[in-house]
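So you know, we letter chains A, B, ... as the sequences are listed, proteins then strands, and number each from 1. Note that these values count all heavy atoms, side chains included, but never hydrogens, waters or copies made by symmetry.
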Amino acid sequence: MLKIENLHVSIKGREILKGVDLQINAGEVHAIMGPNGTGKSTLASVIAGKEGYDVTEGRIIYKGKDLMNMSIEDRAREGIFIGFQYPVEIPGVSIANFMRTALNEIREYRGLDPLNGAQFLRLMNEKQKVVELTDKLSNRSVNEGFSGGEKKRNEIFQMAMLEPTLSILDETDSGLDIDALRIVANGVNHLKTKDNATIVITHYQRLLDYIVPDVVHVLFDGKIVKTGTKELALELEKRGYDWIKEEYESAK
Amino acid sequence: MKAKTSYAQKLSQFQLQAQPDPYRPLEEVFKCQIWNLDTTTLPMLNGWYMHKQQPLTRLENGVVFGSLRAAQESYPEIIQNCHQAFSHTEKDELTTLNESQYTDGVFIYIPDDVKVADPFQIISVVNTQRDLLVQNRHVIYLGKSAEMSLIQCDDSVRYSNTFLNVVTEVYMSENAQMHYYKTENKEKESELYNHLYVHQKGHTHFHSNTVTFNAGYIRNSIVVNLCEPFADAQLYGLYLVDKSQQCDNHIKVNHCSTDCTSKQLYKGIMDDEAVAGFHGHVVVHPDAQRTAAFQTNRNILLTDKAKVNTTPFLEIYADDVQCSHGATVGQLDDEALFYLRSRGISEHNARKLLMFAFANEIIRYVEIDALQERLGDMVQRRLNGELTICDQCMLSDADNRDFVFPIDPSRI
Ligand SMILES: Nc1ncnc2c1ncn2[C@@H]1O[C@H](COP(=O)(O)OP(=O)(O)OP(=O)(O)O)[C@@H](O)[C@H]1O
Ligand SMILES: [Mg+2]
């Protein structure tokens with residue numbers, strides 16, 4: 001589904017990603033871990049198509065297409081979804097209006113009829129239940145004045161609404177209390193099918209108890225330096241990153 | 001900018017209409033399309049109050065409304081009280097001209113403790129082929145703990161040269177509350193000068209929301225005198241102008257007493273060569289301790305040629321005050337734009353959503369639901385380029401519909 005080859009990315013002339021290789025197939029869950037500032041969010045942003053990131057080398061192939069030639073919105077319409085680490089507040093745009101516009105544009109792109117008001121509301125209600133989001137929240141402006149946890153839950157709600165093929169959840173667990181973590185994880189599991197794939201970026205093994213990954217990667221110094229099974233996450237939890245750094249330095 | 005002095009000479013190019021038009025039912029001249037909203041309508045046509053028989057209506061609860069001319073006969077002392085309240089207020093040339101020349105206007109009197117549920121609505125229509133001068137004066141008097149809301153609409157139904165000079169005086173006794181909504185949708189040949197003077201006694205609450213959709217030249221000036229402790233004024237405004245339209249908002253809030261609060265929040269979107277101005281002035285007089293006054297003006301310019309002159313200004317003579325002022329001129333938030341697009345929304349629609357959100361912040365302060373909904377819809381259509389000056393309000397015989405002023409979001 002997603003194939004990243006030798007991806008090099010710079011921000012304002014500074015190289016952040018230094019040759020990332022990654023392959024994800026339908027039905028899989030991958031976890032990406034790694035110390036702060038190693039480029040995990042950068043990778044997510046580049047996949048989303050955010051401006052300001054220069055891809056100097058390599059490519060990203062998604063469903064057989066080169067993503068670099070695709071606009072931000074077309075990537076979303078092709079089924080890519082990023083649960084952002086820091087969701088933006090948009091005062092004055094209601095979640096309902098936002099989701100209805102998004103959903104209908106995606107449907108149009110796929111040659112489907114738009115949902116009418118009643119159909120849309122039914123869908124909203126159904127999906128709100130997935131993440132136990134209250135009406136009080138969904139009537140408000142996008143993320144405006146939301147607590148950290150509420151923002152993350154709103155990201156998963158949007159994911160539930162848009163039913164993406166490839167979801168990248170960037171630290172969706174940070175800032176969540178235990179109950180919210182369970183709700184969010186259940187939401188993600190509920191949405192999982194054999195045809196879609198998920199990448200969870202996280203610092204904590206905790207989340208991976210709920211969302212069990214097929215593959216765990218460690219991103220360090222702009223590269224994926226280690227790949228393993230879910231046991232790798234447990235090991236990182238116990239031992240930290242020092243041994244990874246040492247292995248990486250001595251291999252250089 | 002248009003010349004600021006010697007309006008007398010300029011006004012001489014226009015003609016006052018000496019007599020009211022013969023009576024016609026309002027529906028024949030004008031249709032207001034605010035859904036689900038019951039209002040007490042006060043129609044003005046070409047500068048005169050329109051009425052069938054009685055120029056003044058008295059309700060059982062003591063509320064009086066109708067023609068100011070007629071009220072001068074029946075309620076001279078109330079009107080005198082109101083004028084008196086502003087005798088020391090600095091007035092500009094146009095207000096002074098209006099004092100000596102006005103033809104007619106609206107009079108509203110709300111007795112003590114009466115809370116009027118349905119809003120009053122002054123609809124001022126210009127429908128003539130002459131170069132018309134309209135000089136209107138409205139007097140609104142609220143007794144103690146009285147409550148009312150007023151919607152004042154300025155619309156044109158013909159494309160003639162008009163010069164409107166309107167002065168509205170509001171007197172608020174202790175504890176009174178008033179919500180004042182102003183919508184303006186004028187064609188490019190018109191010049192409209194609105195002057196609003198508000199006198200607030202203790203514990204009063206005044207709220208205004210001035211929305212300009214289209215303008216030839218419009219100047220809204222508001223002077224609020226907070227005269228006794230715990231008076232509060234909240235002033236909101238939105239202007240959406242393009243082509244060669246001009247819109248100025250001049251606001252002066254005088255904090256004359258202790259413990260008063262005031263807030264100004266004005267926002268605008270300017271396209272093409274449109275020019276807007278925000279001149280907010282707060283004076284905190286020496287005795288006005290514990291004043292809280294806030295001023296904010298935010299603007300989005302869509303072209304290099306569009307302009308905004310913004311001068312939020314605080315003049316403070318007391319020491320125990322909490323004041324802030326700020327102005328921004330900018331563009332849409334890139335992060336928000338990216339976020340919307342990352343969910344599949346086209347850049348064009350994402351810009352439109354953000355522009356609407358920017359403008360709608362002001363509309364959200366409208367406390368009459370049906371009006372809020374209607375104005376929100378008008379903002380949406382204004383930004384889509386679908387709102388013409390004849391759209392909201394149509395004369396049955398208005399057939400020209402060539403005034404489409406689209407704001408093109410792709411150019412931000
Ligand atoms: N817009 C930007 N301008 C300049 N530097 C940036 C920008 N965005 C990211 N960086 C830099 O790129 C590097 C990688 O950042 P990134 O956010 O991808 O890290 P991360 O792995 O997600 O970290 P964390 O675990 O803290 O979320 C950091 O050094 C960061 O300062
Ligand atoms: Mg990050």
**Study point:** Between CD1 on residue A:I47 and OG on residue B:S342, distance to nearest 0.5 Å
**Key:** 13.0 Å

Practice item. In plain terms, say whether A:E105 and B:R341 are close enough for a salt bridge, that is, a side-chain N and a carboxylate O under 4.0 Å apart. Key: no

Review point. In terms of heavy-atom pairs under 4.5 Å, which option from B:D334, B:I345, B:N360, B:L340 contacts chain A the most?
Key: B:I345

Check your understanding: Can you tell me if NZ on B:K305 sees more than 12 non-hydrogen neighbours from other groups inside 6.0 Å?
Key -> no

Listed pairs under 3.5 Å, donor-acceptor, residues 183-192 of chain A side chains, sequence neighbours left out:
unit_1 : atom_1 : unit_2 : atom_2 : d
A:N186 : ND2    : A:R182 : O      : 3.4
A:N189 : ND2    : A:A185 : O      : 3.3
A:N189 : ND2    : A:Y210 : O      : 3.0

Point to revise | Interchain contact, A:E108 with chain B, by part (heavy-atom threshold 4.5 Å) | key: neither

**Study point:** B:K307 atom NZ: more than 12 heavy-atom contacts under 6.0 Å
**Key:** no

Point to revise | Pair listing, ring pair (Phe, Tyr, Trp, His ring centres under 6.0 Å) test, anchored in residues 108-162 of chain A, at least two apart | key: none

Study note, to complete from the structure: Cut-off 4.5 Å, heavy atoms of chain A, and the answer for B:R364 is side chain

Practice item. Starting at CG of B:L353, measure out to OG1 of A:T101 and round the result to the nearest 0.5 Å. Key: 4.5 Å

Check your understanding: With a 4.5 angstrom heavy-atom cut-off, which part of B:E361 approaches chain A: side chain, backbone, both or neither?
Key -> neither

Review point. Do other residues, nucleotides or ligands put more than 12 heavy atoms under 6.0 Å from A:N116 CG?
Key: yes

Point to revise | Note, A:E51 side chain near B:F338 side chain (heavy atom, < 4.5 Å) | key: no

Exercise for review: Spell out the residues in residues 72-81 of chain A that have some non-hydrogen atom less than 4.5 Å away from a non-hydrogen atom of chain B, in order of number; otherwise answer 'none'.
Suggested key: A:I72, A:E73, A:A76, A:R77, A:I80, A:F81

Check residues 84-97 of chain A and write down every donor-acceptor pair under 3.5 Å in which the side-chain atom is one partner and the other belongs to a residue at least two apart or another chain.
unit_1 : atom_1 : unit_2 : atom_2 : d
A:Q85  : OE1    : A:S41  : OG     : 2.6
A:Q85  : NE2    : A:E171 : OE1    : 3.3
A:Q85  : NE2    : A:E171 : OE2    : 3.4
A:E89  : OE1    : A:G145 : N      : 3.3
A:E89  : OE2    : A:K151 : NZ     : 3.1
A:S94  : OG     : A:N97  : N      : 3.0

Check your understanding: Side chain, backbone, both or neither: which part of A:N104 has an atom under 4.5 Å from a heavy atom of chain B?
Key -> neither

